[in-house]
Protein chains: 2
Amino acid sequence: MQGHFYRRNRGSGWWQGQFKGCGYRFTFPRRLILDVLSSSSMHLSAEDVYLEVHKKYPGVGLATVYRTLELLVQMGVVSKSDFGDGRARYEMNKGPEGQRHHHHLVCSNCGLVIDYADFIDEEAKLLKKVERGLSEKYKFEINSHLMQFYGLCEKCKGKKD
Amino acid sequence: MQGHFYRRNRGSGWWQGQFKGCGYRFTFPRRLILDVLSSSSMHLSAEDVYLEVHKKYPGVGLATVYRTLELLVQMGVVSKSDFGDGRARYEMNKGPEGQRHHHHLVCSNCGLVIDYADFIDEEAKLLKKVERGLSEKYKFEINSHLMQFYGLCEKCKGKKD
DNA sequence: CTCCTATTGATAATGGTTATCATTACCAAA
DNA sequence: TTTGGTAATGATAACCATTATCAATAGGAG
């Protein structure tokens with residue numbers, strides 16, 4: 001490995017701090033993976049990330065991508081979702097500038113996934129309330145939540161299958 | 001296969017109707033699988049179901065269990081969840097007597113899953129509202145939703161890892 | 001600069017789920 | 001009741017995303 005060309009990219013200091021704060025090293029492959037994740041607004045699979053990273057720097061292996069993604073999920077930086085196509089999807093949760101939390105709308109027929117944040121404000125209020133109630137009743141310390149709606153998208157609705 | 005001993009069990013007529021109504025046959029293995037699912041309040045994996053069914057009738061294969069579970073999910077009778085342990089979990093959604101819809105509280109550390117329905121009334125209202133809004137805006141026909149909270153259970157909270 | 005340890009890359013192994021295919025069971029119609 | 005067409009089944013091989021392994025390398029504190 002010869003990862004000595006550190007590209008000057010926004011937020012690298014912030015990221016470095018995040019990693020160090022968690023007791024991890026901020027390595028070159030990890031930086032590349034974060035780059036890919038933060039420059040895409042898609043729901044990327046581990047392989048998607050791997051292919052993208054591989055373009056920029058072919059020396060990064062698939063295992064490292066999986067390991068880093070897992071790490072980022074544990075750090076709360078990335079969230080992992082399952083849309084039912086047999087592979088996990090990853091997307092940025094928060095960054096230096098912060099990012100809007102959103103939920104998903106999944107078409108059970110064609111797999112289309114729509115992010116929405118429109119009704120989040122109202123949802124958020126209730127979610128907070130529910131979280132408080134649940135925390136108290138079940139002595140749980142709630143850190144995150146997952147919320148998805150399943151149904152048929154416009155196109156699949158028409159096809160009546 | 002010699003599935004000629006139809007056990008007289010509650011709701012079999014109802015189930016038969018459900019299957020026929022969807023254009024499927026109500027076979028012996030399917031009945032057994034439904035029995036297992038409805039007599040357990042746990043979140044069963046496909047293998048759990050297989051082992052249980054296998055006890056009563058060793059002639060039922062694993063593939064049939066998977067196929068039937070998938071079918072039941074499509075029929076909306078069973079819901080499939082992922083609690084992050086690498087295998088899907090199945091549980092009854094509705095039955096002859098109906099059953100209370102509930103959500104999950106998942107411990108990210110030990111994997112404990114708690115079902116709750118306590119705050120459902122309030123949640124339900126908002127969910128309906130959100131569903132209406134989303135349906136309209138994104139032209140989606142929403143059929144179901146998934147809602148889970150992640151965090152640390154009472155025991156794991158204490159151990160600070 | 002040096003040392004210790006976390007991290008990495010290549011690859012084998014794992015294991016849940018799905019596909020395949022010959023056989024069997026269901027059920028409507030004769 | 002018999003029959004015929006087709007859905008369903010069981011055994012097993014195949015699939016494939018993810019994880020484990022391990023020797024080699026890089027990060028960073030001192």
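Within every chain, numbering begins at 1; the chains are lettered A, B, ... in the order of the sequence lines, protein sequences first and strands thereafter.
- Counting to the nearest Å, the P atom of dC27(C) and the OH atom of Y24(B) are 15 Å from each other.
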Show me the donor-acceptor pairs, under 3.5 Å and distance only, between side chains in residues 144-153 of chain B and residues at least two apart or in other chains.
residue, atom, partner, partner atom, Å
H145(B), NE2, H101(B), NE2, 3.1
H145(B), NE2, H103(B), NE2, 3.0
Q148(B), NE2, Y150(B), OH, 2.7

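- Side-chain contact of E123(A) with Y116(A): a donor-acceptor pair under 3.5 Å is present, judged by distance alone.
- Aromatic rings from F28(A) and Y57(A) are positioned such that their centres are separated by under 6.0 Å.
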Checklist line | nucleotides 12-21 of chain D: protein proximity per nucleotide (B base, S sugar-phosphate only, - neither; heavy atom, under 4.0 Å) | finding: B----SBBBB
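- Taking atom CZ of R30(B) as the reference point, atom P of dT24(C) lies 19 Å away to the nearest angstrom.
- When the nucleotides dC27(C), dT9(D), dG9(C) are ranked by their closest atom to the side chain of Q16(B), dC27(C) comes out on top.
- Side-chain contact, H43(A) with D48(A): no donor N or O sits under 3.5 Å from an acceptor N or O.
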Under 3.5 Å, which protein N or O atoms sit close to an N or O of nucleotides 3-5 of chain C? Give each pair with its distance.
residue, atom, partner, partner atom, Å
dT5(C), O2, R25(A), NH2, 3.3

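- The separation between L71(B) atom CG and dT9(D) atom P is 9 Å, rounded to whole Å.
- Summary of the strand contacts: Y50(B) and G23(B) both lie near DNA chain D, and taking for each the nucleotide with the nearest heavy atom, the more 5' one is attributed to G23(B).
- A salt bridge is defined here as a Lys NZ or Arg NE, NH1 or NH2 lying under 4.0 Å from an Asp or Glu carboxylate O, and K157(A) with E154(A) fails to meet this definition.
- Here the side chain of T27(A) is nearest to one of dG9(C), dG27(D), dT9(D), namely dG27(D).
- Separating the CG atom of D48(B) from the C1' atom of dT17(C) is a distance of 15 Å, rounded to the nearest angstrom.
- Atom-to-atom, NZ of K20(A) to C1' of dA6(C) comes out at 14 Å; the value is rounded to the nearest Å.
- Counting to the nearest Å, the P atom of dT24(C) and the CZ atom of F28(B) are 18 Å from each other.
- The backbone N or O of V36(A) lies less than 3.5 Å from no partner atom in the side chain of S40(A), so there is not a single donor-acceptor pair.
- Side-chain N or O atoms of R30(B) include one that pairs as donor or acceptor with a backbone N or O of R25(B) at under 3.5 Å.
- As rounded to whole Å, 15 Å separates atom P of dG16(C) from atom CG of L44(B).
- Side-chain contact check for H104(B) and E91(B): at least one donor-acceptor pair (N or O, by modelled atom type) lies under 3.5 Å.
- Between the side chain of T68(B) and the main chain of T64(B), a donor-acceptor pair closer than 3.5 Å is present.
- Atom P of nucleotide dT17(C) and atom CG of D82(A) are separated by 11 Å, given to the nearest angstrom.
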